[in-house]
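Beneath this line is the structure, given in C-alpha cells, with notes to follow.
As the structure is a prediction and not an experimental result, all values here were calculated from the model. What you see below is based on every heavy atom in this structure, not just the backbone, and it leaves out hydrogens, waters and symmetry mates. If you read the sequence from its start, that first residue is 1, and numbering goes on from there.
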Amino acid sequence: MTSKMVRSHFGSSFSGGPRSTSRLKHSQASFSLALWAPLRPPPVEIGAAAADSDQAHDAASTGGHREAGAASRCRSGRSRECGAVVLDAERMPPTGSLALVLYSTLLTGVNLVVVIPTADDYARRLGGGELFSGLIIGALPLFAGLGIYVNQIWLMRWMSLKSVLLLLAVGSVLGNVLYSLAGLMHFKWTLFAARCLVGFCNGFNLPSLYIGLTVGMKRRSEIILYFSALNTLGYALGPALAAMLDVFVASFRINNLVLDADTAPGWFMAILYLLFMVKVIVLFEDVPMKVTSPQAAQSNHADSTVLEPVPAVACCACLWYLCVSSLFITCVEVYAVNVGQNYWGWTLATSAMFLSVLMLCSGLINLFMGIFTKHLIRSDRKALLVSSMIACACCALLFNFNLDAISANVSILSTGLVLVLILSGLIRAFGLAASSKIVPTSQKAIMNTWATEFMTVGRGAGGIIGSILNPSSFFPVVVTLFAVTLLTSVASHSRMQPSGKAK
C-alpha cells in the first residue's frame, strides 16, 4: 500500500524515459539551488551597487560586511535574518556592568598620575634623587605592560572576568597602601615596589576587551570613545586630586609619618579601589568564561572551517595609531609642566593646574563626541583619515612664535594643545575600535592584548620624549609624527575593512 502511494506520488519522476530523466535532473538542480540559496550573496542591482558601494565598503562602524549584506537581504525580504543581524550589531551589555568597566578606566588614569606632583618630594625625603623620582613614575607603565600580558594569557585562562577584576583591585589596594607606608618604613625602594605592584595590577586591557566582546559593531566606536575620554579625564583628575588632598591635609594640620601630603594620594586611591570592589561584587554581571578565555578563542579558531588570514597592514596601522596617540598625550603631560616651570616661570602647582585644565577640556569634548558618533561617524577609517589631516593642520599652533608677552604664548599654545589632544583622543578611540573589527572574533583577545601593549609603550616613550623637548623642537617632532600618521591612514585606507567573521 505504501509503495503504491509512493509510486503514485513520485511515479513521474522515477519512471523511465527521457522526460522522466530530465525531470529528475531538474528536481535535483532545484534541490541544490534551494540548499545553497542561504549561502549565496543576494542579487545587487548595478545602479544600487554604484550608489551604495562606499557605504558598504565602509561598514566598520555600522556592522561591517555582515551588516551591509544583511541590508541587501532585508530588501529582498529575508526579515528574520535581517532582524537577527541587526540585533547582533546593536547588542549592549548590562548598563551597570558597562558603567563599572568604564569607571575602572577612570580609576586607572587617576591612579597613574595622582602621585606625580608629590613623587619628587616623597623620593627626596626618603633619600632618592631626581633619577629615582623618575624611576618610580616610569616603573608603572613598564610593569603595566607585563601585567597586561599576564592577566590576558594566564589569569583569563583560569578565572572569570569578574574574578580577575576583583583580584587586580586587591593588588591595587595593596600597592597603594604600601606606597603610603613607605614613609613609615624609611626605605626608598618601598616606593618603587609599590608603584610596580600598582602598574602590574592596573588591568588596562580589560575594559577594551569587555567592550570588544559585549558591544555590537554598530555602537562599539561610540563606547570606545567614552573609554578613551574617561582615560583622558583620569589624567586630568589625578593632579587636581593631589592638589585637593594637599589642601585638605594642610587645613587640618595633619603631618606625620602615616598621613601627610605625600602619602594621602596612596590612602585615597586605596579607599577608591575598596569601594570599587564592593560595586563589582554587587553590580557586575560576569561574562561566561567560554567567551573570555584564551582557550575558547583558540578552540573556535581551530574549529573554523575557513581560516581567514589576519590583515597585517591594517593591524600594523591600528597599532601605530594607538602608539602615537598615547605617546602624544603623555608627551603633552610632561612638556606642559616643563615649559610652565622652565620658560614661563610658573610654580609646580600652577603648572599642574594648567595641565589639569588642558586634559579636562580635551576629555570632556571627547566624551561629548561619543554622543554624536553614532549620528555623524559612519566609518572608522574615514574618521582616522580626517582626524589625522586636521591634527596636522592644528600643529601650526604649536610653533614657537617667541612672542614677548607670556600671555600670548600661553593662549596660542593652550589652544593648539587642546585641539591636538582632542584629535589624539579621537585617533586612539577609532584606532582601538577598528582593531576589534578587522580581525575575526577568535583573534579579538590577541589583538586587544597587542593594542593595549602598544598604548603602554607609547605612554612610556611619550614621557621620555616630552622631558627632552623644548619650545623650538616640540613643533617639528609633533608635526612629523602626525604627518607619518596621515601617510599611514592614506596607505592603509583600502585595507581597513572589517572582517567578515567579526561580531
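- A distance of 5.0 Å separates CG in Asn448 from CG in Leu209, rounded to the nearest 0.5 Å.
- The shortest side-chain heavy-atom distance between Ser388 and Phe482 does not fall under the 4.5 Å cut-off.
- A ring-centre distance under 6.0 Å is not found for Phe284 and Phe276.
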Phe474 and Cys331: side-chain contact (heavy atoms from CB on, under 4.5 Å), yes or no, with the steps? CA-CA 10 Å; Phe474 185 68; Cys331 183; 4.0 Å; yes
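- Residues Arg91 and Thr214 form no side-chain contact, since every pair of their non-hydrogen atoms from C-beta on lies 4.5 Å or further apart.
- Atom CH2 of Trp450 sits in a sparse spot, with 12 or fewer heavy atoms from other residues, nucleotides or ligands closer than 6.0 Å.
- Taking the side chain as every heavy atom from C-beta outward, Ile329 and Leu421 approach each other to under 4.5 Å.
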Going through the distances and angles, do Thr108 and Asn111 end up as a side-chain hydrogen bond (donor to acceptor under 3.5 Å, both in side chains)? CA-CA 5 Å; Thr108 300; Asn111 204 19; over 6 Å; no
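- Phe328 has its side chain out of reach of Leu481: every pair of non-hydrogen atoms, C-beta onward, lies at least 4.5 Å apart.
- Looking at Ile211 and Leu102, their side chains come closer than 4.5 Å, going by heavy atoms from C-beta outward.
- With hydrogens and angles left out, the side-chain atoms of Thr485 and Thr488 include no donor and acceptor closer than 3.5 Å.
- Remark: the backbone N or O of Ala434 is not paired with any side-chain donor or acceptor of Arg220 at under 3.5 angstrom.
- In this structure, the side chain of Ser180 engages the main chain of Trp267 through a donor-acceptor pair within 3.5 Å.
- At a cut-off of 3.5 Å, with distance as the only test, a side-chain donor of Tyr321 or Ser489 sits close to an acceptor on the other residue.
- To the nearest 0.5 angstrom, Ser387 atom OG is 6.0 Å from Leu423 atom CG.
- In this structure, Asn176 contributes its side chain and Phe268 its backbone to no donor-acceptor pair below 3.5 Å.
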Hey, mind stepping through Thr232 and Arg428 against side-chain hydrogen bond (donor to acceptor under 3.5 Å, both in side chains) and telling me if it holds? CA-CA 11 Å; Thr232 304; Arg428 181 175 62 178; 3.0 Å; yes
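- When atom types are taken as modelled, the side chain of Ser326 and the backbone of Cys323 share no donor-acceptor pair closer than 3.5 angstrom.
- Side chain of Ser436 to backbone of Ala433: a donor-acceptor contact under 3.5 angstrom is found.
- Between Phe204 and Phe227, the two ring planes are tilted [angle within 30° to 60°].
- No hydrogens or angles considered: nothing links the side chains of Asn231 and Thr105 as a donor-acceptor pair under 3.5 Å.
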Between Cys318 and Ile438, does the side-chain contact (heavy atoms from CB on, under 4.5 Å) criterion hold? Intermediate values first, please. CA-CA 10 Å; Cys318 288; Ile438 60 176; 3.8 Å; yes
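- The distance between the ring centers of Tyr179 and Tyr122 falls below 6.0 angstrom.
- Classified by interplanar angle (parallel below 30°, tilted 30° to 60°, perpendicular above 60°), the ring pair Phe192/Phe143 is perpendicular.
- Counting only distance, with no hydrogens or angles, the side chain of Ser163 and the backbone of Met159 share no donor-acceptor pair below 3.5 Å.
- Contact check for Ser492 versus Trp320: no side-chain heavy atoms found under the 4.5 Å cut-off.
- Within the 4.5 Å cutoff, the side chain of Met217 has heavy atoms near those of the Pro498 side chain.
- Distance check: Lys162 NZ to Leu100 CG gives 9.5 Å after rounding to the nearest 0.5 Å.
- Between the side chain of Ser325 and the backbone N or O of Ile427 there is no donor-acceptor pair closer than 3.5 Å.
- Proximity of Val439 to Cys315: side-chain heavy atoms (C-beta onward) are separated by under 4.5 Å at one or more points.
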Could you check Lys437 against Met496 for side-chain contact (heavy atoms from CB on, under 4.5 Å), going step by step and ending with a plain yes or no? CA-CA 9 Å; Lys437 299 176 183 178; Met496 295 285 290; over 6 Å; no
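- Formation of a donor-acceptor pair under 3.5 Å by the Ser208 side chain with backbone atoms of Asn205 is found in this model.
- For CE of Met277, the number of neighbouring non-hydrogen atoms (other residues, nucleotides, ligands) closer than 6.0 Å is greater than 12.
- In the model, Thr330 has a side-chain atom that pairs as donor or acceptor with a side-chain atom of Arg459 under 3.5 Å.
- In this structure, a donor-acceptor pair under 3.5 Å is absent between the side chains of Ser435 and Lys444.
- Aromatic ring orientation, Phe401 versus Phe399: perpendicular (interplanar angle above 60°, classes split at 30° and 60°).
- Taking each heavy atom of Leu432 and Ala451 in turn, the nearest pair found is CD1-CB, 3.9 Å.
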